[in-house]
Asks: 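The structure's right below; bear with me while I get my questions together.
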Amino acid sequence: MPRATQTATRGRCFVCRHPARVLPPIRELVIGLSAGALLAFAVLFAPVFASFALGQEYSATGRGGLDYGQPDEGLPRAVLVLDQSGSMWGGLGRSSKMKIAREAIAQSLLGLDGRLALGLVAYGHRRRGYCGDIEALQPVAPLNARRIAGIIKKIQPVGKTPISGALREAARLLSEASDDPDSGDPSGASGDRARGPDANPVREGGAKASRQPGSIVLLSDGYENCRQDPCATVRALRRMMPGLRFHVIALAMKPEDLQRIQCVARLGGGKLVEVASRDELEEALSEVFTDIAAAPRFSGWDTAARGARSDEPQGPPRLALRAVLAEGQRLPLEGVYWRVRNKADGAKPLYEKTATAPVIDLAPGRYVVEARLGLVSARREVEVQRRGTTRVSLSLNGGLIRARTFASRAGAILDNVYYTLSRREPGSAGNEQLLAVSREPSPAYVVPPGAYAITVRHGLARRTHNVTIRAGDVRNIDIVLDVGTLSLRAVAADGRGEGDGSALRRMLFLIYEDDPAAPGGLREVARSAADRPVFTLPAGLYHVIARYGLVQSRKRVTIRPGARTEQVMVLAAGRILGEARIRGEKRALDDLVTYHVFAAAQGGTAAEGASPNLAPDLEKALVRTSVPAPVIRLGAGRYRLVATLGPTRVAATTTVALAPGESKRALLEFDAGWLSLRLVQQPGGPPLGDVFWRVLDDRGEEVWSTGLPTPSAPLGAGAYEVQVTYRERRFTRRLVVHSGERQDLELVTSAL
């Protein structure tokens, strides 16, 4: 029989492990039996003695297997943390990374049964997009390779990569399996246990370092994507469990992720192995697990270290601090704000910092220690001894509330949620004191005992959850809003939008719900002028209106919990393609033109075509734009387009009849010419400054004025009078502007 098999069967056989409890009663029974009875006894119990003699296990039920509630004493201990994020379905060679990992794990563990106690933690295998999807699938127990392979075969990658939370869960498993009698329950409570990345500010893992070596082996193809820092997690866990080691197997990992995850192995005192194939992965896992299994075995406490220990405190004077939620708990809290003052002259703090379990070098004497976390605090006077470490645990006498919000019962955690925490005064309904607000996806509040209300707002949805907290409570509050999202866009009847052709712009979207008490039976609940708005709405039936100028489209939409509904609003609209130029010129005007669109009955009484200085009531325009060559969306109908040019407001007009989905080109031509002005003392001399120009039409009305020394502007064809004022002197000149003509008018003061 192979040595590994013999070791494993000794660990499982009850007779082998407890001969002093089993053999004496059997001996007494045999002495009192007759010969016939002895024969029957031998036949009945022959399999038991045979298995005992051969070092094999016997099971009366025929099932055999390991007793997972009683792990072997002294076996090296490890936890495998397995990445089950969605990226594990990615291809690697001719197979997927997940399939390769299953095969390599199963093969690498063969032959290690009885040489290693192994636990299993997986993340990302149950819920998509949820950072709290972390599960201990197997406690730390004598390795059964077939059992581990069977567990891994049943799980599927679907979710995210919460590495930090998974490492804390693995450390918790090792702490629970620790043979350190002072390690206790790492949760600090027999009921609600904090797990996963949402566990902050409560630390996962044991309160003291185990004498038993422990290792965590992380197999992952990517870096943390749940807003936590695995490197900081490793540092914190190593401070709490100095014997803990971290190994990383990086499976086809991106270079940037590989560089970031190096710190886990470096700070964890373990190995980082980069693999890119099944053979490389199997070799790396075999090497790591074999090294762990070859570690020296321990039986309870390290007797050599214990024998060397003295009752006298050793080392320089230090103060080690930790804070817990309530008396009797061992689990230290993270993110505690500490302040240490000298009791005699406590004016200035000697130590002031946010830390988990600080160790401070202090001179012997009396000190005042304060700890604060969230809404709770504690204060104690302590005396630091002359030698060794003085350990102080402060009870904050509080409870922990963690909140998460889901769109539906089977949905993912919602982001962009607005939380408010209020304290409810007993015996007074509605009398609440606001304590905190947060937009974190999963906020955590440490509060004194009492009654509280957590209110969640997301979009138009709102819900309140009441909770009563006692000292030491850790309450996870999951709130289901039953909301869905509605995504809208609008297109014309031809299915096209503007710009990129995907949506109409400058839309107005309105959302209504049925309300018999409201005018018309509808009540507006939301509106948006975005091109592609997204609304979060409670599940139900809504009326959606998309409005574009005089055109609108209406739909009835049903919103379902946790679902995203996309609606395209089709408007019976056409397009007018605007273009403007001066008559006689081929080049289109790219600037100085403003387009106005009126219903056909509006826009003034001027005849269609070119009209100098046309001045309709432009404030009544349905559409106004200064975009060159605009594309104007309008509903079916007749429209008058008026284009004004430059500061003189030379105008051109035309009428367009538009059908749904139709595109029509509208060319507006100005009967205008360009006029440039300058005042000089001598012909061809430099222009004079400090001038003021006025241009009057043939009726004596001002059409243009400016203080520029050399102005230029378009003017409608016709007769004009040009006036210029220079140092209280006025100079005048009459001229005629012809369509398409450019004139440079130079006025010479010496000739006027």
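As a basis for the values below, the full set of heavy atoms in this structure was taken, side chains included, without hydrogen atoms, waters or symmetry mates.
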Asks: Is the backbone of T161 close enough, under 3.5 Å, to the side chain of N225 for a donor and an acceptor to pair up by distance?
Replies: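 Looks like yes, one N/O pair under 3.5 Å.
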Asks: Answer yes or no: is there a side-chain heavy-atom contact under 4.5 Å between T405 and L481?
Replies: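 In short, these two side chains touch, coming nearer than 4.5 Å.
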Asks: Between D133 and R127, does at least one N-O distance fall below 4.0 Å, as a salt bridge requires?
Replies: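 No salt bridge links D133 with R127.
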Asks: Pairing donors with acceptors under 3.5 angstrom, does anything connect the side chains of S487 and R532?
Replies: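 No donor-acceptor contact under 3.5 Å links the two side chains.
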Asks: Got Q743 and V737 here, is their nearest side-chain heavy-atom distance under 4.5 Å?
Replies: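 Answer yes - side chains close enough.
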Asks: What's the shortest heavy-atom distance between A122 and I155, and which atoms?
Replies: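 For A122 versus I155, the nearest heavy atoms are CB-CD1, 4.1 Å.
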Asks: Can you tell me how far OH of Y595 sits from CG of L668, rounded to the nearest 0.5 angstrom?
Replies: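 Taking CG in L668 and OH in Y595, the distance rounds to 6.5 Å.
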Asks: Compute whether any side-chain donor of one residue and acceptor of the other, for S164 and E224, lie under 3.5 angstrom apart.
Replies: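 Checked: S164/E224 side chains pair up, N/O donor to acceptor below 3.5 Å.
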Asks: With sequence neighbours left out, what residues match H458 under side chain to side chain donor-acceptor pair (under 3.5 Å)?
Replies: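 Expected list: none.
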Asks: Side chains of I454 and I401: closer than 4.5 Å at any heavy-atom pair?
Replies: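 Side-chain contact under 4.5 Å: yes.
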Asks: Are E432 and R423 ion-paired here, with the side-chain N under 4.0 Å from a carboxylate O?
Replies: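 Salt bridge: no.
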Asks: Strictly distance-based, threshold 3.5 Å: is any side-chain N or O of T653 a donor or acceptor partner for the main-chain N or O of L641?
Replies: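 Pair found, side chain donor or acceptor close to backbone of L641.
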Asks: How long is the straight-line distance from CD1 of I511 back to CD of E524, given to the nearest 0.5 Å?
Replies: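 That separation rounds to 9.0 Å.
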Asks: Would you give me the side-chain donor-acceptor pairs under 3.5 Å for residues 81-92, sequence neighbours excluded?
Replies:
unit_1 : atom_1 : unit_2 : atom_2 : d
D83    : OD1    : S85    : N      : 2.7
D83    : OD1    : S85    : OG     : 2.7
D83    : OD2    : S85    : OG     : 3.4
D83    : OD2    : S220   : OG     : 2.9
D83    : OD2    : D221   : N      : 3.2
S85    : OG     : S87    : OG     : 3.2
S87    : OG     : D221   : OD1    : 3.0
S87    : OG     : D221   : OD2    : 2.9
W89    : NE1    : P157   : O      : 2.8

Asks: Does the W693 side chain pair with the main chain of L708, one donor and one acceptor, at a distance under 3.5 Å?
Replies: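 Side chain of W693 to backbone of L708: a pair is present.
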Asks: Taking atom NZ as the centre, does K254 end up with more than 12 heavy-atom neighbours from other residues, nucleotides or ligands that are less than 6.0 angstrom away?
Replies: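 At most 12 heavy atoms, drawn from other residues, nucleotides or ligands, come within 6.0 Å of this atom.
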Asks: Tell me, do H543 and I545 make a side-chain contact under 4.5 Å, heavy atoms counted?
Replies: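 With C-beta onward as the side chain, the pair stays apart.
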Asks: Atom CD1 in I261, atom CE in M253: separation rounded to 0.5 Å?
Replies: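 The CD1 atom of I261 sits 4.0 Å away from the CE atom of M253.
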Asks: If the condition is side chain to side chain donor-acceptor pair (under 3.5 Å), which residues does R587 pass it with, not counting sequence neighbours?
Replies: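 None.
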Asks: Mind checking whether L715 and Y720 have side chains closer than 4.5 Å, heavy atoms only?
Replies: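 In contact.
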Asks: Please enumerate all residues that pass salt bridge (Lys or Arg N to Asp or Glu O under 4.0 Å) together with D415, with sequence neighbours excluded.
Replies: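 Partners of D415 by the salt bridge (Lys or Arg N to Asp or Glu O under 4.0 Å) criterion come out as none, since no residue qualifies.
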Asks: Please determine whether the number of non-hydrogen atoms from other residues, nucleotides or ligands lying under 6.0 Å from atom CD of Q259 exceeds 12.
Replies: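 No - once you tally the heavy atoms of other residues, nucleotides and ligands closer than 6.0 Å, there are 12 at most.
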Asks: Mind checking the CG-CG spacing from L488 to L510? Nearest 0.5 Å is all I need.
Replies: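 Separation between the atoms: 10.5 Å.
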Asks: Is the backbone N or O of R475 less than 3.5 Å from a side-chain atom of D473, with the two atoms forming a donor-acceptor pair by type?
Replies: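 No, the answer is negative, given that no donor and acceptor are paired below the 3.5 Å cut-off.
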Asks: Any side-chain heavy-atom pair from V623 and L634 closer than 4.5 angstrom?
Replies: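 Side chain of V623 against side chain of L634, heavy atoms only: contact under 4.5 Å found.
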Asks: Check whether any side-chain heavy atom of R168 sits under 4.5 Å from a side-chain heavy atom of I134, and report yes or no.
Replies: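 Result no, sub-4.5 Å side-chain heavy-atom pair not found.
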Asks: Does the side chain of S553 come within less than 4.5 Å of R547's, by heavy atoms?
Replies: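 R547 does not reach S553 side chain to side chain.
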Asks: Assess whether a salt bridge exists between E662 and R575, defined as any Lys/Arg side-chain N lying under 4.0 Å from an Asp/Glu carboxylate O.
Replies: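 Salt bridge flag = no for R575 with E662.
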Asks: Taking atom types as modelled, find out whether T464 and T455 have a side-chain donor-acceptor pair closer than 3.5 angstrom.
Replies: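 There is such a pair (donor and acceptor under 3.5 Å, judged by atom type) between the side chains of T464 and T455.
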Asks: Say whether E135 and H125, considering side chains only, have a donor N or O and an acceptor N or O under 3.5 Å apart.
Replies: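 Indeed, the side chains of E135 and H125 share at least one donor-acceptor pair under 3.5 Å.
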Asks: What residues, two or more places apart in sequence or in another chain, satisfy side chain to side chain contact (heavy atoms under 4.5 Å, CB included) together with E585?
Replies: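 Side chain to side chain contact (heavy atoms under 4.5 Å, CB included) check on E585 returns I582, W674, R742.
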Asks: Working to the nearest 0.5 Å, report the span between CZ of R489 and CD of Q567.
Replies: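 Answer for the CZ-CD pair, R489 versus Q567, is 11.0 Å.
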Asks: Run the salt bridge (Lys or Arg N to Asp or Glu O under 4.0 Å) test against R564 and tell me which residues pass, sequence neighbours left out.
Replies: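 So R564 forms a salt bridge (Lys or Arg N to Asp or Glu O under 4.0 Å) with E566.
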